[in-house]
Amino acid sequence: MIRIIKANKKREYEFIKEIRSRAEETDKQIEAEVRDILTAVKTFGDMAVLEFSKRFDNAREIKTFTKEDFAKAYEQVPKKLKSALQTATNMITEFHKKQLTKGFKIAKNGYELGQTVRGLERVVVYAPCGTAGYFSSVLMAVIPAKIAGVKDIVIMSPPPKNGEVNQYILASAHIAGADSMVLVGGAHGIGAFAYGTESIPRADKIVGPGNAYVATAKKLVYGAVGVDMIAGPSDITIIADESANPKFVASDLLSQAEHDKLSSAILLTTSQTLAEKVKAELEARALNEKRLEYIKPAIENYSGIIVCKSENQCVELANLIAPEHLEILTVKPRAIFKKIKNAGSVFLGEYSTEPLGDYIAGLNHTLPTSGTARFCSALSVDDFVKKIQYMEFNREAFNELAEKASYMAECEGLFAHAEAIRVRGVRE
């Protein structure tokens with residue numbers, strides 16, 4: 001079911017290259033479709049959004065929900081879920097409050113330089129509701145946005161196929177503090193909030209995970225609106241030694257494989273014995289999993305076990321993969337963690353399972369995928385603020401720097417810049 005690859009300085013790199021290219025052909029086809037959808041929305045506004053909503057979601061109108069609707073839904077969910085949502089909210093809030101930064105200033109004789117931090121005005125949070133209702137993603141985006149001081153937080157979620165709105169998403173919106181929710185999804189929903197329509201005001205930023213159409217639309221509208229990241233299929237990499245429990249390893253691989261048919265789950269280990277045991281566990285359990293239609297192709301096509309020659313090779317490959325999720329299930333996980341350069345989120349030790357982080361531990365689960373952890377970070381409070389620079393000079397401080405600044409401008413060939421400085425003159 002899952003392949004075992006013995007590292008030989010060639011096969012492992014070919015495998016990683018293959019995994020990275022798994023969505024390329026799909027992307028090309030989708031991008032053409034999404035461009036047409038976005039053009040229609042930009043040109044025809046609500047009329048196009050409604051047409052696409054009918055075509056893709058069988059929706060006859062664009063429904064909006066308010067804080068009152070959120071509160072009603074929250075009252076109806078099971079008491080056990082309320083308790084879980086409250087704990088998750090507390091943990092996520094505590095973690096993300098530590099990310100909040102303040103401005104600063106440098107004040108010297110005659111001048112002041114500084115930076116002020118301000119929350120965005122209007123943010124849209126995409127809450128997927130396709131193969132699963134990701135109400136936890138509402139918490140992960142709305143809570144840091146509230147901490148950042150965003151004035152208006154709108155949830156965008158696709159209309160449900162069965163006509164029944166996901167009450168858990170509404171309840172999560174209540175406890176997280178969202179302001180409203182609009183039932184619209186896909187590329188047309190992204191376009192509506194990026195460009196604005198007659199009934200949907202444009203947003204400053206759109207955040208949150210979605211399917212390939214959503215991700216492609218976010219990429220194409222960037223510039224008209226801010227986006228957090230361009231998310232691809234979910235992935236996990238696990239570094240494990242002979243001490244790791246094969247049941248735990250197999251469970252964590254399956255937990256990511258169930259997301260999507262294009263999901264990737266990779267084990268890096270120095271133990272051939274562990275590799276064989278994990279393979280056996282996966283084969284024994286996978287057929288009994290409820291989301292087999294997603295797990296089977298993900299495990300067979302885009303997952304693998306690489307048996308490395310050393311721990312350092314495991315680290316090297318992990319940094320090359322730059323995984324969305326990285327678990328380290330070894331005797332001394334922190335020693336390996338010190339060598340990790342590229343990862344969205346890292347989970348240390350056998351009881352720090354990735355799904356715990358997905359829901360309740362406090363870390364954000366909106367993470368860079370497809371190797372983008374080389375240059376991108378988890379969703380955070382920083383995604384919801386602007387940092388505005390300022391300066392104020394008096395005449396004396398200006399005169400100290402004017403001649404050098406004007407000379408630099410002339411050397412660049414920007415003579416109007418130089419004159420704008422020189423015209424103020426050195427006045428006694």
Problem - Working for salt bridge (charged side-chain N to carboxylate O under 4.0 Å, His left out), residues Glu18 and Arg3 - result: CA-CA 13 Å; Glu18 176 189 335; Arg3 59 191 128 170; 3.3 Å; yes
Within a reach of under 6.0 Å around [atom1] of [X], are more than 12 heavy atoms found that belong to other residues, nucleotides or ligands?
{"X": "Tyr168", "atom1": "OH", "result": "no"}
{"X": "Phe104", "atom1": "CZ", "result": "yes"}
{"X": "Phe44", "atom1": "CZ", "result": "no"}
{"X": "Lys261", "atom1": "NZ", "result": "no"}
{"X": "Phe337", "atom1": "CZ", "result": "no"}
{"X": "Glu164", "atom1": "CD", "result": "no"}
{"X": "Glu14", "atom1": "CD", "result": "yes"}
{"X": "Tyr13", "atom1": "OH", "result": "yes"}

Has [X] got a side-chain atom pairing as donor or acceptor with [Y]'s backbone, closer than 3.5 angstrom?
{"X": "Asp235", "Y": "Glu324", "answer": "yes"}
{"X": "Ser263", "Y": "Asp260", "answer": "yes"}
{"X": "Arg374", "Y": "Gly371", "answer": "yes"}
{"X": "Thr116", "Y": "Ile388", "answer": "no"}
{"X": "Asp383", "Y": "Ser380", "answer": "yes"}
{"X": "Ser157", "Y": "Ala127", "answer": "yes"}
{"X": "Asp46", "Y": "Ser199", "answer": "yes"}
{"X": "Thr353", "Y": "Leu356", "answer": "no"}
{"X": "Thr372", "Y": "Thr369", "answer": "yes"}
{"X": "Glu283", "Y": "Met1", "answer": "yes"}

Any idea which heavy atoms bring [X] and [Y] closest together, and the distance?
{"X": "Ala397", "Y": "Asn109", "answer": "CB-O, 4.0 Å"}
{"X": "Glu354", "Y": "Ser255", "answer": "OE1-OG, 3.8 Å"}
{"X": "Ile19", "Y": "Ser303", "answer": "CD1-N, 4.3 Å"}
{"X": "Met140", "Y": "Asp358", "answer": "CE-O, 3.2 Å"}
{"X": "Ala88", "Y": "Leu139", "answer": "CB-CD1, 4.0 Å"}
{"X": "Ile328", "Y": "Leu348", "answer": "CD1-CD2, 3.8 Å"}

Exercise for the section: Using the six-membered ring wherever Trp is involved, compare the ring planes of Phe52 and His188 and label them parallel, tilted or perpendicular (cut-offs 30° and 60°). Expected result: tilted
With a 4.5 Å heavy-atom cut-off, do [X] and [Y] have their side chains touching?
{"X": "Lys151", "Y": "Arg122", "result": "no"}
{"X": "Tyr74", "Y": "Ile175", "result": "yes"}
{"X": "Ile340", "Y": "Val315", "result": "yes"}
{"X": "Leu38", "Y": "Tyr195", "result": "yes"}
{"X": "His174", "Y": "Glu75", "result": "no"}
{"X": "Lys102", "Y": "Val117", "result": "no"}
{"X": "Tyr111", "Y": "Leu401", "result": "no"}
{"X": "Val225", "Y": "Arg202", "result": "no"}

Between [atom1] on residue [X] and [atom2] on residue [Y], distance to nearest 0.5 Å:
{"X": "Lys205", "Y": "Lys218", "atom1": "NZ", "atom2": "NZ", "value": "9.5 Å"}
{"X": "Phe248", "Y": "Glu327", "atom1": "CZ", "atom2": "CD", "value": "11.0 Å"}
{"X": "Leu379", "Y": "His365", "atom1": "CG", "atom2": "NE2", "value": "9.0 Å"}
{"X": "Ser264", "Y": "Leu253", "atom1": "OG", "atom2": "CG", "value": "9.5 Å"}
{"X": "Asp228", "Y": "Ser377", "atom1": "CG", "atom2": "OG", "value": "12.0 Å"}
{"X": "Asn364", "Y": "Gln99", "atom1": "CG", "atom2": "CD", "value": "7.5 Å"}

Can [X] and [Y] be counted as having a side-chain donor-acceptor contact under 3.5 angstrom?
{"X": "Asn90", "Y": "Thr93", "answer": "no"}
{"X": "Gln256", "Y": "Ser234", "answer": "yes"}
{"X": "Asn312", "Y": "Ser310", "answer": "no"}

Practice task
Any chance you could lay out the salt bridge (charged side-chain N to carboxylate O under 4.0 Å, His left out) test for Glu281 and Lys277, step after step, and finish with the verdict?
Solution key: CA-CA 6 Å; Glu281 280 288 333; Lys277 287 182 178 179; over 6 Å; no
Practice task
Any chance you could lay out the salt bridge (charged side-chain N to carboxylate O under 4.0 Å, His left out) test for Lys72 and Glu68, step after step, and finish with the verdict?
Solution key: CA-CA 6 Å; Lys72 288 178 184 176; Glu68 289 73 22; over 6 Å; no
Practice task
Apply side-chain hydrogen bond (donor to acceptor under 3.5 Å, both in side chains) to the pair Asp69 and Thr66, showing each step before the final yes or no.
Solution key: CA-CA 5 Å; Asp69 298 315; Thr66 65; 3.3 Å; yes
Problem - Sole candidate of Thr270, Leu274, Thr273 that passes side-chain contact (heavy atoms from CB on, under 4.5 Å) when paired with Glu242 - result: Thr270
Exercise for the section: Any chance you could lay out the side-chain contact (heavy atoms from CB on, under 4.5 Å) test for Ile37 and Phe56, step after step, and finish with the verdict? Expected result: CA-CA 12 Å; Ile37 291 170; Phe56 299 131; 4.0 Å; yes
Exercise for the section: Please lay out, stage by stage, how Phe384 and Ile153 fare under the test side-chain contact (heavy atoms from CB on, under 4.5 Å). Expected result: CA-CA 11 Å; Phe384 301 101; Ile153 304 172; over 6 Å; no
Exercise for the section: Would you sort out whether Leu85 and Phe135 count as a side-chain contact (heavy atoms from CB on, under 4.5 Å), showing the intermediate values? Expected result: CA-CA 10 Å; Leu85 288 173; Phe135 62 89; 4.0 Å; yes
Problem - Lys290/Glu258 ion pair, N-O < 4.0 Å - result: no
Practice task
Could you check Glu311 against Asp241 for side-chain contact (heavy atoms from CB on, under 4.5 Å), going step by step and ending with a plain yes or no?
Solution key: CA-CA 8 Å; Glu311 185 181 276; Asp241 61 17; 5.6 Å; no
